[in-house]
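Have a look at the structure below before the remarks.
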Amino acid sequence: MSQPARSIIESRPASTSFVESIDPATGEMIGRFEAAGPDSVLEALSRAKRAQEGWAARPIAERCATLHKFRDLVFERRREIADIITRETGKPRVEALFAEILFALDTADFLAKRASRWLRAERVPHHNWALKSKRGWLASEPLGVVALITPWNYPFAIPVGQIVPALAAGNAILLKPSELAPWTGALIGELFDHAGLPKGVLQVLQGGAEVGKAIIETSPDKVFFTGSAETGRKIAEACGRKLIPSVLELGGKDPMIVLADGDLEAASSAAVWGGFTNCGQACLSVERVYVERGVAEHFIELCVEKTKKVRIGSAESADSDIGPMIREKQVERVETQLRDAVARGAKIVAGGHRKTAGACFFEPTVATDVNHSMKLMREETFGPVIAIQVVADADEAVGMANDSSFALAASVWTRDTKRGRDIAARLHAGSVMINDVASYYGITEAPHGGRGASGWGRVHSRLGFAEMVHLKYVDEERLPRFAKSWWFGYSEALAGAADRFIEILFAPSWKRRVKALVKGEGSLRTLIRKRDR
């Protein structure tokens, strides 16, 4: 195990505050990082503004070369990065490699190859004959300084997934990693520093909510936040007061619809993995399952059987399927929802208890006989629980799935592809998977984001890249010698000419248009005026 990047800071004034990195499996402090104060946040913004000008002035090929260097560093140090992620978050090493490092490598490689094409000026053809003398195009310009406030559940993949397009577009970045994952955040800064990113272009500001608030108060050019809906509302309000644009990737209560003609073996395995990966601490976790009555009993039996085989343990064990939850507070949240559900008639058919391995270990849990009066079906759980509700048919399943303030992602399980697509079209969600769950997040071409309590805006793909630029429309007049027909110098003749021109363009029949054209020769000459006024 390598030592924490810039960790265990010594010889600091007594007034210096720190953020501690805690191993959730043991409760042991494994690192300590200096927290940013209000003054240092303001100074960081000033440095970022200065650095951004020079960074944006560099050729795009040079900026992408830095991304390639970052990619290569991540590859070479992938085992060290996985060590840090697993120890700080408790997730199994396999998940650190697949969901964090593989995604980061692919994102850097993908953007470095495509950013130049995406930043090219885009021609805007004009269909209106009155405007054919013009030529227009869209230019993509850097926003300036963007703030990224990122979470602890995927402390490497999520920040890198936003940093890479921001840098490719020519922006500078203030990164506030979660106070529960400061070590990984510091490591990201170190990797980009070693990749040759100029000083000040990416600055890591450690701390809690007060640092995020201070960053917004400095008025960055855009804020990207990933986290809970509750915190997202506060971020939106703070940004709204200062008219700062934002992208919010908030919580999910992702539904899974299992139809009677679905592959129950595959669907049950997907439900168990989708509900328990990262100990259920993912916005894309399967939290609600709606299964048609005819196959419900068998599907539940399969889920229970497979849940009981899930191995719980420390991330240090290669055989662990799930590790601890991030903090005991998260465990208590799960327990509160389960108690409420049981009091309202739910049954716990697998799991439901803490493990003796440590305060943050909780058994993967399956709950049945649930309904929408329960917190378990309405509030984000963010823990290792899948709740299964039996429905009469697909229509009831869709209605139940859409009965939520969240609308991030969903899945449909059926052997009938057309039926799956039809149901996907009816679901309220930012993304829908047919016969799979969650994995679309790893598709770099696929946009990610939701609506309602799941936030707004998109990350990843070309749509996510577009969130990192300011679009400027530029128009060029190719016949500047001629005055525009709509300029001053109004007359009855000009009004008549305008009316005839509209008839030529938009009369409901071609016969009327041709007739107007034949009779309107003089009117058209009236519209073409040399610049003599």
Side-chain angles (χ1 to χ4, degrees), residues 6-7 9 12 15-22 24 29 31-45 48 88-89 145-156 158-159 162-163 173-189 202-252 281-283 325-333 336 360 379-380 382-383 453-457 459:
R6 295 194 292 274
S7 181
I9 300 173
R12 290 288 190 270
S15 60
T16 302
S17 60
F18 296 92
V19 180
E20 296 180 347
S21 176
I22 305 294
M29 186 185 79
R32 205 164 64 123
F33 301 83
E34 186 173 352
D39 291 341
S40 60
V41 171
L42 190 58
E43 292 168 2
L45 181 75
E88 189 166 57
T89 67
V145 179
V146 299
L148 310 180
I149 302 175
T150 59
W152 50 263
N153 59 333
Y154 291 92
F156 194 77
I158 289 176
Q162 297 173 4
I163 291 169
I173 300 160
L174 300 180
L175 169 64
K176 193 203 88 65
S178 168
E179 63 272 27
L180 303 186
W183 188 357
T184 308
L187 179 62
I188 290 171
L202 169 63
Q203 296 174 74
V204 180
L205 302 174
Q206 302 279 13
E210 72 286 349
V211 175
K213 182 179 179 181
I215 290 173
I216 295 174
E217 285 300 313
T218 64
S219 295
D221 294 291
K222 195 165 187 176
V223 172
F224 292 76
F225 170 76
T226 307
S228 70
E230 180 183 2
T231 304
R233 288 187 183 94
K234 296 176 183 177
I235 297 284
E237 289 170 0
C239 289
R241 284 192 294 270
K242 300 179 77 66
L243 295 180
I244 301 172
S246 62
V247 170
L248 304 179
E249 199 277 90
L250 308 180
Q281 300 169 125
C283 60
M325 298 185 71
I326 191 69
R327 294 291 185 270
E328 190 172 5
K329 182 179 178 181
Q330 292 296 123
V331 179
E332 292 169 353
R333 175 178 179 168
T336 297
C360 294
E379 299 176 3
E380 188 175 32
F382 226 64
S454 292
W456 55 62
V459 294

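Since we're looking at a predicted model, the values are computed, not measured.
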- Task: Just jot down the side chain to side chain contact (heavy atoms under 4.5 Å, CB included) partners of Ala44, sequence neighbours excluded, or say none.
- Result: Arg47, Leu174, Gln203, Leu205

- Search all heavy atoms of Arg333 against all heavy atoms of Glu380 and return the closest pair with its distance. NH2-O, 2.7 Å

- Task: Report yes if some heavy atom in the side chain of Thr184 is under 4.5 Å from a heavy atom in the side chain of Pro177; otherwise report no.
- Result: no

Can you give the donor-acceptor pairs under 3.5 Å from side chains of residues 232-252 to other protein atoms, not counting sequence neighbours?
{"unit_1": "Lys242", "atom_1": "NZ", "unit_2": "Ser219", "atom_2": "OG", "d": "3.3"}
{"unit_1": "Ser246", "atom_1": "OG", "unit_2": "Trp456", "atom_2": "NE1", "d": "3.3"}
{"unit_1": "Glu249", "atom_1": "OE2", "unit_2": "His448", "atom_2": "NE2", "d": "3.3"}

- Rounded distance (nearest 0.5 Å) linking atom CD1 of Ile158 with atom SG of Cys283: 6.0 Å

- Atom pair CZ/CD1 of Phe382 and Ile326 - distance to nearest 0.5 Å: 10.0 Å

Can you list, pair by pair, the side-chain donor-acceptor contacts under 3.5 Å of residues 145-152, counting residues two or more places apart and other chains?
none

- Task: Look up atom OG in Ser21 and atom CD in Glu179, then write down how far apart they are to the nearest 0.5 Å.
- Result: 12.0 Å

- For Thr231 and Ser228, indicate whether the former's side chain and the latter's backbone hold a donor-acceptor pair under 3.5 Å. no

- Task: Heavy atoms only: give me the nearest Val41-Ala36 pair and the separation to one decimal.
- Result: CG2-CB, 4.1 Å

- Message: Would the distance check show the side chain of Glu88 and the main-chain N or O of Trp183 forming a donor-acceptor pair, the cut-off being under 3.5 Å?
- Response: yes

- Just wondering, do Arg327 and Glu332 contact through their side chains at under 4.5 Å, heavy atoms? no

- Message: To the nearest 0.5 Å, what is the distance between OG1 on Thr89 and CZ on Phe156?
- Response: 12.5 Å

- Message: I need the minimum non-hydrogen distance between Ala453 and Ala229, along with the two atoms involved.
- Response: O-CB, 3.6 Å

- Between atom NZ of Lys176 and atom CD of Glu210, what is the distance when rounded to the nearest 0.5 Å? 7.5 Å

- Task: Report the distance from atom CE of Met325 to atom CG of Asn153, rounding to the nearest 0.5 Å.
- Result: 11.0 Å

